[in-house]
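Along the sequence shown, residues carry numbers from 1. Only this structure's heavy atoms are used, side chains among them; waters, hydrogens and symmetry mates stay out.
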Amino acid sequence: MDALDAIFTRRSVRHFTLQQVPLEDLEALVRAAMQAPSARNRQPRHYVILTERALLEEITTFHAFSQMLHEASAAIVICGDERIQPRAAYWVQDCSAAMQNLLLAAHARGLGAVWLGVHPNPDREDPLHHMLHLPPEVHPLGIAAIGYPAETPPPADRFDPARIHWNGWQEDK
């Protein structure tokens with residue numbers, strides 16, 4: 001699958017089969033995430049790969065929008081390290097770019113995935129921080145639930161020419 005095909009056909013998958021994702025595939029997704037650009041190339045990201053069922057289930061007790069983790073065979077938590085990038089605005093962008101790479105890589109490998117937002121919600125961040133024993137300077141941005149898709153949502157065409165502005169902002173008259 002080429003890059004544009006992956007971009008145009010990737011969809012959030014929220015239902016998974018019981019088939020386990022091989023560890024080498026999870027590592028390949030993290031390798032793809034690590035290829036994302038980052039501000040000043042600081043690479044302030046860390047990745048916590050979750051494969052233990054008890055951990056996946058625990059997240060569903062405090063993250064209201066994580067119920068697909070009951071079916072997912074794995075999850076990857078992408079975290080920003082303020083010791084490496086002290087400006088939150090930049091580690092958030094860096095982790096977001098990594099998450100997008102990870103989601104596209106999952107789709108290209110025939111896996112399903114969905115991004116579960118964590119930051120900036122303390123009711124999600126704090127329990128996840130505690131559960132994963134993260135250092136105080138490491139902040140969870142989001143969780144990618146991963147598995148073999150039990151559904152294939154159709155591609156969505158989100159192109160909107162009204163959102164394109166050439167050479168400056170121009171309002172419709």
By side chain to side chain donor-acceptor pair (under 3.5 Å) - contacts of [X] (at least two apart):
{"X": "Gln67", "value": "His70"}
{"X": "Tyr148", "value": "none"}
{"X": "Asp2", "value": "none"}
{"X": "Asp25", "value": "Arg109"}

Is the side chain of [X] donor-acceptor paired with the backbone N or O of [Y] at a distance under 3.5 Å, no angle test?
{"X": "Asn101", "Y": "Ala32", "answer": "yes"}
{"X": "Arg45", "Y": "Ile78", "answer": "no"}
{"X": "Gln93", "Y": "Ala89", "answer": "yes"}

Any non-hydrogen side-chain atom of [X] less than 4.5 Å from a side-chain atom of [Y]?
{"X": "Leu128", "Y": "Val77", "answer": "yes"}
{"X": "Ser66", "Y": "Ile143", "answer": "no"}
{"X": "Val21", "Y": "Leu111", "answer": "yes"}
{"X": "Pro140", "Y": "Leu134", "answer": "yes"}
{"X": "Thr60", "Y": "Met68", "answer": "no"}
{"X": "Leu50", "Y": "Ile76", "answer": "no"}

State, to 0.1 Å, how close [X] and [Y] come at their nearest heavy-atom pair, and which atoms those are.
{"X": "Asp94", "Y": "Ala39", "result": "OD1-N, 2.9 Å"}
{"X": "Gly110", "Y": "Pro149", "result": "O-CD, 3.5 Å"}
{"X": "Phe62", "Y": "Arg124", "result": "CE1-O, 3.6 Å"}
{"X": "Ala33", "Y": "Leu102", "result": "CB-CB, 4.1 Å"}
{"X": "Leu141", "Y": "Cys95", "result": "CD2-CB, 3.5 Å"}

**Study point:** Within residues 15-61 or reaching into it, pairs that qualify as ring-ring contact (aromatic ring centres under 6.0 Å, His included) - sequence neighbours excluded
**Key:**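 Non-adjacent pairs meeting ring-ring contact (aromatic ring centres under 6.0 Å, His included): zero.
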Review point. Applying ring-ring contact (aromatic ring centres under 6.0 Å, His included), which residue pairs with at least one partner in residues 79-104 are found, sequence neighbours left out?
Key: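 Pairs touching residues 79-104 that pass the test: Trp91-His119, Trp91-His139.
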Check your understanding: At what distance, to the nearest 0.5 angstrom, does CD of Glu58 lie from CG of Leu132?
Key ->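 With rounding to 0.5 Å, CD (Glu58) is 8.5 Å from CG (Leu132).
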Review point. Any link between Leu55 and Leu29 through a network of hydrophobic side chains (Ile, Leu, Val, Met, Phe, Trp, Tyr) touching at under 4.5 Å?
Key: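 No; Leu29 is not reachable from Leu55 via cluster members.
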Check your understanding: Under a single-linkage definition using a 4.5 Å side-chain heavy-atom cutoff for Ile, Leu, Val, Met, Phe, Trp and Tyr, are Met34 and Met99 assigned to the same hydrophobic cluster?
Key ->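 Linked within one cluster.
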[X] [atom1]: over 12 foreign heavy atoms closer than 6.0 Å:
{"X": "Arg40", "atom1": "CZ", "answer": "no"}
{"X": "Glu24", "atom1": "CD", "answer": "yes"}
{"X": "His130", "atom1": "NE2", "answer": "no"}

Exercise for review: Could you label the plane-to-plane angle of the Phe65 and His63 rings as parallel, tilted or perpendicular, counting under 30° as parallel and over 60° as perpendicular?
Suggested key: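 The arrangement is perpendicular - the two ring planes meet at more than 60°.
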Can you give the donor-acceptor pairs under 3.5 Å from side chains of residues 4-13 to other protein atoms, not counting sequence neighbours?
| residue | atom | partner | partner atom | Å |
| --- | --- | --- | --- | --- |
| Thr9 | OG1 | Asp5 | O | 2.6 |
| Thr9 | OG1 | His107 | NE2 | 2.6 |
| Arg11 | NH1 | Pro154 | O | 2.5 |

Check your understanding: Arg87: what forms a salt bridge (Lys or Arg N to Asp or Glu O under 4.0 Å) with it, not counting sequence neighbours?
Key ->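 With sequence neighbours excluded, Arg87 shows a salt bridge (Lys or Arg N to Asp or Glu O under 4.0 Å) to no residue whatsoever.
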Review point. With clusters built from Ile, Leu, Val, Met, Phe, Trp and Tyr whose side-chain heavy atoms come within less than 4.5 Å, directly or transitively, what are the remaining members of the cluster of Trp166, listed by chain and number?
Key: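 Trp166 shares its hydrophobic cluster with Phe159, Ile164.
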Exercise for review: Any chance you could pull the hydrophobic cluster mates of Met1, using side-chain heavy atoms under 4.5 angstrom and chaining through other members?
Suggested key: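 Members other than Met1 - counting any ILVMFWY side chain reachable under 4.5 Å - there are none.
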Practice item. If a pair satisfies side chain to side chain donor-acceptor pair (under 3.5 Å) and one of its residues is in residues 27-38, list it, with sequence neighbours excluded. Key: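 Passing the test, one end in residues 27-38: Ser38-Gln43.
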**Study point:** Residues forming a side-chain contact (heavy atoms from CB on, under 4.5 Å) with Asp123, sequence neighbours excluded
**Key:**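 Here the qualifying residues are Asn121.
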